[in-house]
Amino acid sequence: MSIATMTSRERVNAAFERRDQDRVPRHDTFWPDTIRRWAGEGLEGGQARVYELLGNDIQRLHMPWPGVHSSEIILGEDDKTVTKRDIHGRIGRWWKDREGTPEHLGFECDSREKWESTYKPLLLKAKHTPDLDTLQRTYRTGHEAEHWMCMTGFEPFECIRALIGDEEAAIAMATDPEWIVDLAVTYTDRMIVIYQRALDAGLTCDGLWTYGDMAYNHATFCSPAMYRELIWPQHIRLVEFAHAHDMKFIYHSDGNINGVIDLFLEAGFDCLQPLEAKAGMDVCELCPEYGDRLAFFGNIDIMKLSTNDRTVIEQEVRGKLDAGKLTRGYLYHSDHSVPPTVSWTTYQFLIEFLEHYGRYDR
């Protein structure tokens, strides 16, 4: 177990400010199937016990995703799958007995006309009220443990994709950019309202962690110029909101976002996560170039963790930690949620490697 000389809050703040720390801050996320597998391999206490052993430093407060419907509805099912319409009007088919990306079948909102006549009014009418009772209990627990506290929520590009789908979004960005801007502004307005309600309830946080997958394995969903014109101004608004409330801004995107990092810097982003290794993100390259201006959070390759080969994993962890430690602005996280292909024994070994290679006195 770690010999801690700093609280979690002190440690993470020091990483964001590139000051000395006792060890690299740690946080991770897991598929539900992973925790179930580990329970069958000897884990007792579920995810809470994993976080205890990991030495988790971050407490997340999950804000609601603004939807156009108040709840999802089941449209059909068979022995293995269930077909649902979710809160965004997105219709998909999910597995019943395991996690995984759903099969997308369609989107209720598939035109600007439907957005303006039906779905924008529904979005604006919805209350999108955070579950303050649950959030306050989580907040108290994290605050008592002196964790670094952050709100988590969604940014406009992810909301657009959920409402109209990737194909319609790509077409509209080229043929009807004014619609994309209206979508982006409207969703950003809603997210800021949600975040402000949490702050007004006394949930003072250290960070705002926003989720929006804007890239694939080779490049961003749209060109940097198109991103700058259509989405980037709303990212600036979110950064400004965070900084106005003394919160650091963490941006999550899967995929290869190398082509827009300069725009992220110009907007004032503080940290990038999860830095998907198989998409070409690599802290060994990023830290020397940007580490004085950005914190990096993640990049431990889940494909290598899934080999369950200690030699492969030790090499991966040691190399990434060494690169990050040189900047004093690196935080541990897998480069995605840890999948059930990783054994409980392997993850315990990983924690040992983090303890050994992640300390600044070694």
Side-chain angles (χ1 to χ4, degrees), residues 7-10 12-13 16 25 27-29 47-48 51 56-72 86-88 122-160 162-163 183-213 231 233-253 267-274 295 297 331 333:
T7 68
S8 291
R9 187 167 186 263
E10 291 170 340
V12 177
N13 280 333
F16 274 108
H27 184 65
D28 219 341
T29 49
Q47 183 168 293
Y51 277 155
N56 174 55
D57 290 302
I58 294 177
Q59 178 66 64
R60 292 178 293 160
L61 302 175
H62 301 289
M63 300 296 123
W65 195 342
V68 295
H69 299 297
S70 59
S71 62
E72 65 181 26
D86 69 11
I87 62 171
H88 311 288
L122 283 173
L123 185 70
L124 296 177
K125 183 180 178 180
K127 294 182 179 180
H128 301 136
T129 303
D131 181 354
L132 293 176
D133 289 342
T134 298
L135 289 171
Q136 285 170 339
R137 287 194 296 271
T138 304
Y139 182 86
R140 286 193 296 271
T141 299
H143 193 268
E144 290 169 1
E146 298 184 275
H147 284 155
W148 195 82
M149 309 288 292
C150 70
M151 289 190 287
T152 64
F154 296 89
E155 51 77 75
F157 187 72
E158 189 72 7
C159 295
I160 292 170
L163 181 75
L183 286 161
V185 170
T186 303
Y187 273 112
T188 303
D189 288 345
R190 299 308 296 165
M191 288 308 309
I192 287 175
V193 166
I194 291 169
Y195 297 145
Q196 189 62 58
R197 285 173 176 165
L199 293 173
D200 291 344
L203 303 178
T204 304
C205 289
D206 302 293
L208 174 60
W209 184 349
T210 61
Y211 303 142
D213 291 338
I231 304 297
Q234 306 314 311
H235 282 171
I236 292 175
R237 288 180 62 203
L238 291 172
V239 171
E240 290 176 342
F241 176 84
H243 290 172
H245 293 89
D246 296 320
M247 294 186 288
K248 298 296 185 183
F249 184 82
I250 303 173
Y251 184 65
H252 164 103
S253 177
F269 287 24
D270 296 296
C271 180
L272 299 181
Q273 187 275 340
F297 186 9
L331 300 84
H333 195 288

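- Surrounding CZ of R237 are more than 12 heavy atoms belonging to other residues, nucleotides or ligands, all under 6.0 Å away.
- When side chains are defined from C-beta on, Q196 counts as touching L199, because their heavy atoms get closer than 4.5 Å.
- The CZ atom of R60 lies 13.0 Å from the CG atom of L135; values are rounded to the nearest 0.5 Å.
- The heavy-atom pair separating D270 from M247 by the smallest distance is OD2-O, 4.5 Å.
- When every heavy atom of S8 is checked against every heavy atom of H147, the shortest pair comes out as OG-CD2, 3.6 Å.
- Under 3.5 Å, the side chains of D86 and H69 contain no donor-acceptor pair of N or O atoms.
- A heavy-atom distance below 4.5 Å is found between the side chains of P156 and L238.
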Item to check | L331/D57 under side-chain contact (heavy atoms from CB on, under 4.5 Å): CA gap, chis, key distance, verdict | outcome: CA-CA 10 Å; L331 300 84; D57 290 302; over 6 Å; no
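- The line from CG of L163 to CD1 of I87 is 11.0 Å long, rounded to the nearest 0.5 Å.
- In terms of heavy-atom proximity, I58 sits nearest to C150 at CG2-SG, 3.9 Å.
- Contact of the L123 side chain with the H128 side chain is registered, since non-hydrogen atoms from C-beta on lie closer than 4.5 Å.
- Using a distance-only test at 3.5 Å, with no hydrogens or angles considered, no donor-acceptor pair links the side chain of Y139 to the main chain of L132.
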Item to check | Intermediate values then yes/no, side-chain contact (heavy atoms from CB on, under 4.5 Å), H252 and T152 | outcome: CA-CA 10 Å; H252 164 103; T152 64; over 6 Å; no
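- Heavy atoms only, all atoms of each residue included: A198 and M63 are closest at CB-SD, 3.8 Å.
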Item to check | side-chain contact (heavy atoms from CB on, under 4.5 Å) evaluation trace for Y187 with Q234 | outcome: CA-CA 9 Å; Y187 273 112; Q234 306 314 311; over 6 Å; no
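- Side-chain contact check for D206 versus V12: every heavy-atom pair is 4.5 Å or farther apart.
- Once rounded to the nearest 0.5 Å, the distance linking OG1 of T188 with CD1 of I236 reads 11.5 Å.
- Residue T210 forms a side-chain contact (heavy atoms from CB on, under 4.5 Å) with just one option from F157, F154, Y251, and that option is Y251.
- Ring geometry for W209 against F297 counts as tilted: the plane angle lies between 30° and 60°, on a 0 to 90° scale.
- Between the side chain of Q59 and the backbone N or O of M149, no donor-acceptor pair lies under 3.5 Å.
- Counting all heavy atoms, side chain and backbone alike, S253 lies closest to P274 at O-CD, 3.4 Å.
- A pairwise comparison of heavy atoms in Y51 and H27 identifies OH-CE1, 3.4 Å as the closest pair.
- Aromatic rings of Y195 and H245 (six-membered ring for Trp) have centroids beyond the 6.0 Å cut-off, not under it.
- In this structure, CD on Q136 lies 9.5 Å from CG on D131, to the nearest 0.5 angstrom.
- Side-chain atoms of E155 come within 3.5 Å of backbone atoms of E158 as a donor-acceptor pair (strictly under, hydrogens ignored).
- Going from atom CE of M191 over to atom SG of C159 covers 6.5 Å, rounded to the nearest 0.5 Å.
- From H243, atom NE2 reaches atom NZ of K248 across 6.0 Å, with rounding to the nearest 0.5 Å.
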Next on the checklist: For a side-chain contact (heavy atoms from CB on, under 4.5 Å) check, start with the C-alpha distance between F16 and I250, then their side-chain angles and the critical distance, and finish with the verdict.
Outcome noted: CA-CA 10 Å; F16 274 108; I250 303 173; 3.9 Å; yes
